[in-house]
Amino acid sequence: MSGITYVRGDATVPSVKGVTLIAHVCNDIGGWGKGFVLALSRRWPEPETAYRAWHRDRAHNDFGLGAAQFVQVERYVWVANLIGQRGIRTGSKGVPVRYEAIDAALGRLADQAVALDASVHMPRIGCGLAGGTWSRVEPLVTGRLVSRDIAVTVYDHEG
C-alpha cells in the first residue's frame, strides 16, 4: 500500500501506461457544465452524453447518490461519473457534497479498477463546486482504493 501520488497537471491526460480510469464527482440533478466536466467534455463527448442519458432514464436504472457510471472513451481510458453531490448550490442544507455518497461510489470505482486492472486518476473530487474538503475525502480514497492496492494519482490543475 503506497498511498496517493499528488502531481500538478491535467487529470484528463494521465501520464502512465496501461488502463486508466479518470474519476470525478457529478451531481444528482442532471447538471453538467461547470468545473472539471468542462475539461472532460473538451476531450471526449461520451461522458456527458452517457451521464445525461443515465439521468434522463433514472426511473429505470441506478442513477442516484452513490452510483457510478463507467464510460470508455479510448482503448485504454475510461471515465467514471460518480454521483457524490446533492444538487449544485450551497444553501440552507449546507454544501452539495455528500461524503457517504462519494464513499459508496468509490467502492464501485474500486471494483471496476480491479476488474480492468486500471490505475485511477482524479482531481480533488468533491472539493471544487461540491464544497467539500480534501481532509474528509482523502481518507475515503485511501480506504476504498489505496487499501486495495489500486494506484491513485490526484491532480492539482496548474493555473
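Note that the structure is predicted; figures quoted are calculated from it, not measured.
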**Contact summary for Ala105 and Ala67, nearest pair of heavy atoms** = CB-O, 3.7 Å

**Item:** salt bridge (charged side-chain N to carboxylate O under 4.0 Å, His left out) contacts touching residues 115-126 (sequence neighbours left out)
**Value:** Arg124-Asp156

**Message:** Once side-chain hydrogen bond (donor to acceptor under 3.5 Å, both in side chains) is applied, do any residues pair with Arg98, and if so which ones, sequence neighbours excluded?
**Reply:** none

**Asked** Sequence neighbours excluded, which residues qualify as side chain to side chain contact (heavy atoms under 4.5 Å, CB included) partners of Val95?
**Response** Thr90, Val97

**Side-chain heavy-atom pair Phe36, Thr12 within 4.5 angstrom cut-off** = yes

**Prompt:** Asn27: what forms a side-chain hydrogen bond (donor to acceptor under 3.5 Å, both in side chains) with it, not counting sequence neighbours?
**Reply:** Tyr51

**Prompt:** Are any of the side-chain heavy atoms of Val73 and Pro47 separated by less than 4.5 Å?
**Reply:** yes

**Asp103: salt bridge (charged side-chain N to carboxylate O under 4.0 Å, His left out) partners, not counting sequence neighbours** = Arg144

**Message:** Minimum heavy-atom separation for Val25 and Gly126, please, with both atom names.
**Reply:** CG2-N, 3.9 Å

**Item:** Pairs touching residues 88-119 that satisfy ring pair (Phe, Tyr, Trp, His ring centres under 6.0 Å), sequence neighbours left out
**Value:** none

**Asked** Within a reach of under 6.0 Å around CZ of Arg52, are more than 12 heavy atoms found that belong to other residues, nucleotides or ligands?
**Response** yes

**Message:** Applying a strict under-4.5 Å side-chain criterion to I, L, V, M, F, W and Y, I'd like to know whether Val37 and Ile29 cluster together.
**Reply:** no

**Item:** Contacts of Gln72 that satisfy side chain to side chain contact (heavy atoms under 4.5 Å, CB included) - sequence neighbours left out
**Value:** Trp78

**side chain to side chain contact (heavy atoms under 4.5 Å, CB included) involving Ala23 - partner list, sequence neighbours excluded** = Ala80, Leu82, Leu109, Val120, Met122

**Request:** Keeping the roles fixed (side chain from Glu100, backbone from Ile102), state whether a donor-acceptor pair exists under 3.5 Å.
**Result:** no

**Request:** With sequence neighbours left out, write down each residue that passes side chain to side chain contact (heavy atoms under 4.5 Å, CB included) with Ala104, or none if nothing qualifies.
**Result:** Arg108

**Request:** Measure the spacing between CD1 of Ile4 and CD1 of Ile150 and express it to the nearest 0.5 Å.
**Result:** 11.5 Å

**Asked** Who pairs with Tyr76 by side-chain hydrogen bond (donor to acceptor under 3.5 Å, both in side chains), at least two apart in sequence or on another chain?
**Response** none

**Message:** Distance check, rounded to the nearest 0.5 Å: Leu40 atom CG versus Ile22 atom CD1?
**Reply:** 6.5 Å

**Item:** Minimal non-hydrogen separation, Arg43 against Glu74, with atom names
**Value:** NH2-OE2, 3.8 Å

**Prompt:** Pairs in or reaching into residues 58-68: which pass side chain to side chain donor-acceptor pair (under 3.5 Å), with residues at least two apart or in two chains?
**Reply:** Trp54-Asp62, His55-Arg58

**Request:** Work out which heavy atom in Pro96 is nearest to a heavy atom in Gly87; give both atom names and the distance.
**Result:** CB-O, 3.8 Å

**Request:** List the steps and the verdict of side chain to side chain contact (heavy atoms under 4.5 Å, CB included) for Val141 and Val137.
**Result:** CA-CA 6 Å; Val141 173; Val137 175; 4.1 Å; yes

**Request:** Can you see which heavy atom on Gly33 is nearest to which on Leu38, and at what distance?
**Result:** O-CD2, 3.2 Å

**Asked** Shared ILVMFWY cluster between Leu116 and Leu145, side chains joined below 4.5 angstrom?
**Response** yes

**Request:** For residues Arg148 and Asp111, determine if any side-chain heavy atom of one lies less than 4.5 Å from a side-chain heavy atom of the other.
**Result:** yes

**Message:** Using 30° and 60° as the class boundaries, would you call the ring planes of Tyr155 and His121 parallel, tilted or perpendicular?
**Reply:** tilted

**Complete:** Heavy-atom closest pair (Phe70 atom, Ala68 atom, distance to 0.1 Å) is CZ-CB, 3.7 Å

**Message:** For the residue pair Asn81 / His24, report whether a side-chain donor-acceptor contact shorter than 3.5 Å exists.
**Reply:** yes

**Message:** Are Val7 and Val146 connected into the same hydrophobic cluster when the rule is that any two of I, L, V, M, F, W, Y join if their side-chain heavy atoms are below 4.5 Å apart?
**Reply:** no

**Item:** CH2 on Trp134 to CD1 on Ile125, rounded to 0.5 Å
**Value:** 6.0 Å

**Asked** Who pairs with Ser41 by side-chain hydrogen bond (donor to acceptor under 3.5 Å, both in side chains), at least two apart in sequence or on another chain?
**Response** Trp32, Glu48

**Item:** Residue that, paired with Pro14, satisfies side-chain contact (heavy atoms from CB on, under 4.5 Å) out of Leu21, Thr153, Thr20
**Value:** Thr20

